[in-house]
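Structure record follows, encoded as structure tokens.
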Amino acid sequence: DSMVPVLRDGDFVLTRRAFGVPKVGSLVVVNHPDFGVVVKRVSSARKGSEGEWRLGLKGENNAGVSSQELGEIPASEVRGVVWWKVHRSK
């Protein structure tokens with residue numbers, strides 16, 4: 001529920017390939033090493049010590065995993081940038 005109200009459990013997202021580093025504020029689908037495939041918002045982007053881009057991620061509210069628990073991930077773990085959201089029927 002960490003992405004409510006933007007996304008709810010059961011919603012679908014259409015993504016496009018990320019060319020370069022996703023912008024801060026973008027919704028992305030990432031392969032997180034601890035939490036699997038998740039949709040989160042990019043909260044920060046910085047170059048690491050070896051020149052690779054690292055992204056900070058966050059949810060839309062305080063439910064679920066915190067930004068601190070998510071930590072930074074390599075930008076190479078981004079599977080796509082959310083292009084369209086399809087909300088499930090109620």
Side-chain angles (χ1 to χ4, degrees):
D1 290 334
S2 68
M3 294 305 293
V4 171
V6 175
L7 292 171
R8 297 186 187 286
D9 189 35
D11 287 352
F12 292 91
V13 293
L14 300 174
T15 63
R16 62 176 170 74
R17 184 178 309 163
F19 294 101
V21 179
K23 294 179 182 178
V24 171
S26 298
L27 286 179
V28 292
V29 177
V30 300
N31 186 26
H32 194 280
D34 297 325
F35 301 104
V37 177
V38 296
V39 179
K40 295 293 177 188
R41 191 169 298 279
V42 176
S43 60
S44 65
R46 69 171 185 88
K47 276 198 175 182
S49 59
E50 297 180 17
E52 81 288 0
W53 282 95
R54 302 200 52 85
L55 303 176
L57 304 173
K58 67 176 187 173
E60 293 297 298
N61 60 59
N62 292 330
V65 180
S66 72
S67 298
Q68 290 77 23
E69 290 174 290
L70 287 168
E72 288 186 333
I73 62 158
S76 61
E77 293 300 325
V78 173
R79 297 295 168 244
V81 176
V82 175
W83 178 70
W84 194 264
K85 300 173 287 198
V86 180
H87 298 289
R88 66 181 162 91
S89 299
K90 292 185 179 192

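Positions are given from 1 along the sequence.
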**Item:** Approximate separation, where rounding is to 0.5 Å, of Arg54 CZ and Ser44 OG
**Value:** 10.0 Å

**Message:** So does Val4 get a backbone contact from the side chain of Asn61, meaning a donor-acceptor N/O pair under 3.5 Å?
**Reply:** yes

**Asked** If you look only at pairs with a residue in residues 34-46, which of them pass as a salt bridge (charged side-chain N to carboxylate O under 4.0 Å, His left out), with sequence neighbours excluded?
**Response** Arg41-Glu60, Arg46-Glu72

**Asked** Sequence neighbours excluded, which residues qualify as side-chain contact (heavy atoms from CB on, under 4.5 Å) partners of Ser76?
**Response** Pro74

**Item:** Nearest atoms (heavy-atom pairs only) where Leu57 meets Leu70
**Value:** O-CD1, 3.7 Å

**Fill in**
In short, ring pair (Phe, Tyr, Trp, His ring centres under 6.0 Å) pairs touching residues 58-88 with sequence neighbours left out are none

**Request:** Keeping to residues at least two apart or across chains, list the ring pair (Phe, Tyr, Trp, His ring centres under 6.0 Å) pairs with something in residues 34-60.
**Result:** His32-Phe35

**Asked** Which pair of non-hydrogen atoms, one from Val81 and one from Ala18, has the smallest distance, and what is that distance?
**Response** CG2-CB, 3.8 Å

**Prompt:** Quick one: hydrophobic cluster around Met3, which other residues, with the 4.5 Å side-chain cut-off, linked directly or via members?
**Reply:** Val6, Leu7, Val13, Leu27, Val29, Val37, Val39, Val82

**Request:** Scan residues 11-24 for pairs that pass salt bridge (charged side-chain N to carboxylate O under 4.0 Å, His left out), counting only residues two or more places apart or in two chains.
**Result:** none

**Minimal non-hydrogen separation, Ala45 against Val21, with atom names** = CB-CG1, 4.1 Å

**Message:** Under the rule for side-chain hydrogen bond (donor to acceptor under 3.5 Å, both in side chains), what residues qualify as partners of Glu69, not counting sequence neighbours?
**Reply:** Ser66

**Request:** Give a yes or no on whether the backbone of Val42 and the side-chain of Ser26 come within a donor-acceptor separation of less than 3.5 Å.
**Result:** no

**Request:** Among Ile, Leu, Val, Met, Phe, Trp and Tyr joined by side-chain contacts under 4.5 Å, find the other residues sharing a cluster with Phe19 and list them by chain and number.
**Result:** none

